[in-house]
Amino acid sequence: MSPTIAVLALQGAFIEHEQRLQSLGCTTIELRQAADLARPFDGLVLPGGESTVQAKLLHDLGMFEPLRERITEGLPTLGTCAGLILLADHFRTLPVTVRRNAYGRQLGSFHAEGRWEGGAGATKPSAATNAESRPGAHGASTPAPVPLTFIRAPRIEALGSDVEPLVTLNDAPVAVRHHNQIAAAFHPELDDDSRLYEALLAPLKRAY
Ligand code: GLN
């Protein structure tokens with residue numbers, strides 16, 4: 001048995017998430033209409049795209065409230081870029097302040113390297129042996145940098161209670177965790193680093 005992850009597939013960059021999840025041994029289903037919510041799934045991915053379009057479609061299709069309830073009840077959820085905005089500003093299940101398109105329209109898209117702040121639980125698979133982190137331990141190596149692709153990205157401006165940074169860029173959080181919710185301003189589905197997915201799947205893998 002492998003966990004089944006539902007990927008919101010109304011608009012935006014959902015295919016790449018499905019491919020990554022499948023490569024990590026998950027079964028994926030697409031959420032396109034309210035009836036899809038009746039299918040069993042263990043986790044949820046909210047992809048990048050346009051958050052205003054996605055929110056409108058969720059309301060129009062009658063999917064908004066049922067999904068918000070599932071997230072509130074503890075469904076493991078990963079939101080990326082527009083997905084982060086959905087969690088913070090629309091579902092309001094994630095207590096962070098975000099500013100849309102804050103990394104600047106001129107910049108549009110850019111690549112950077114961030115710092116993994118999520119502890120040694122999840123290591124970058126391609127660098128598994130030397131990515132173990134034991135902060136403060138003598139001689140311990142630091143985690144591998146996290147490749148970050150930003151596309152008209154929101155900036156995380158303030159963290160509410162019980163929100164911990166998972167990835168930072170110049171000490172500013174660009175991915176965070178709040179209980180069952182993980183959200184990133186960047187697009188992990190576009191780079192060769194699965195640590196955010198592993199963080200999403202960790203509680204599920206224990207159950208299977
Ligand atoms: N700018 C988009 C929004 O505000 C997010 C961009 C993205 O998901 N790549 O929804």
Side-chain angles (χ1 to χ4, degrees), residues 5-21 28-33 36 43-65 67-68 71 75-114 145-160 163 165-170 172-178 180-197 199-200:
I5 307 299
V7 181
L8 186 66
L10 299 179
Q11 186 268 341
F14 51 89
I15 303 276
E16 294 85 351
H17 280 297
E18 291 171 18
Q19 291 167 346
R20 179 68 56 89
L21 288 162
T28 58
I29 62 168
E30 292 186 349
L31 302 180
R32 294 178 172 273
Q33 52 189 350
D36 297 329
L44 171 67
V45 171
L46 304 171
E50 276 303 321
S51 52
T52 45
V53 175
Q54 293 179 357
K56 182 175 188 320
L57 288 168
L58 283 170
H59 283 292
D60 291 351
L61 293 164
M63 299 170 73
F64 187 89
E65 265 313 307
L67 266 183
R68 198 189 60 78
I71 297 167
L75 181 70
T77 300
L78 168 64
T80 61
C81 206
L84 157 66
I85 299 167
L86 280 184
L87 291 170
D89 285 353
H90 296 270
F91 291 123
R92 293 182 167 276
T93 49
L94 178 68
V96 304
T97 307
V98 293
R99 191 149 56 89
R100 289 183 65 197
N101 302 315
Y103 283 104
R105 285 197 181 273
Q106 294 100 317
L107 284 173
S109 316
F110 66 99
H111 195 82
E113 286 197 332
V146 185
L148 308 172
T149 298
F150 291 94
I151 304 172
R152 288 177 298 109
R155 193 190 298 275
I156 300 173
E157 295 196 318
L159 305 186
V163 181
L166 283 182
V167 180
T168 56
L169 174 62
N170 302 327
V174 290
V176 296
R177 170 160 40 204
H178 175 65
N180 57 307
Q181 298 170 70
I182 295 170
F186 57 94
H187 285 259
E189 76 278 15
L190 298 181
D191 285 299
D192 176 26
D193 187 320
S194 293
R195 280 174 284 187
L196 278 189
Y197 295 92
L200 171 75

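Ligands are counted one by one from 1 in listed order, and the atoms in each one are counted from 1 as well. Given the structure is predicted, the values throughout are model-derived calculations rather than measurements.
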Which N/O atoms of ligand 1 sit under 3.5 Å from a protein N/O, and at what distances?
residue	atom	partner	partner atom	Å
ligand 1	1 (N)	N101	OD1	2.8
ligand 1	1 (N)	R152	O	3.1
ligand 1	1 (N)	R152	NH1	3.4
ligand 1	4 (O)	R100	NE	2.6
ligand 1	4 (O)	R100	NH2	2.8
ligand 1	8 (O)	G49	N	2.8
ligand 1	8 (O)	G49	O	3.1
ligand 1	8 (O)	A82	N	3.1
ligand 1	9 (N)	I151	O	3.0
ligand 1	9 (N)	H187	NE2	2.9
ligand 1	10 (O)	S51	N	2.7
ligand 1	10 (O)	S51	OG	2.8

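- Rounding to the nearest 0.5 angstrom, the gap separating the CD1 atom in I29 from the CD atom in E18 is 10.0 Å.
- Judged as a salt bridge (charged side-chain N to carboxylate O under 4.0 Å, His left out), and not counting sequence neighbours, E113 has no contacts.
- Side-chain N or O atoms of Q11 include none that pairs as donor or acceptor with a backbone N or O of G49 at under 3.5 Å.
- A salt bridge between E50 and R152 is present, with a side-chain N of the basic residue lying under 4.0 Å from a carboxylate O of the acidic one.
- Remark: F91 CZ to L46 CG distance equals 6.0 Å, nearest 0.5 Å.
- At a threshold of 4.0 Å, the pair R20-E189 does not count as salt-bridged, since none of the basic side-chain nitrogens sits closer than that to a carboxylate oxygen.
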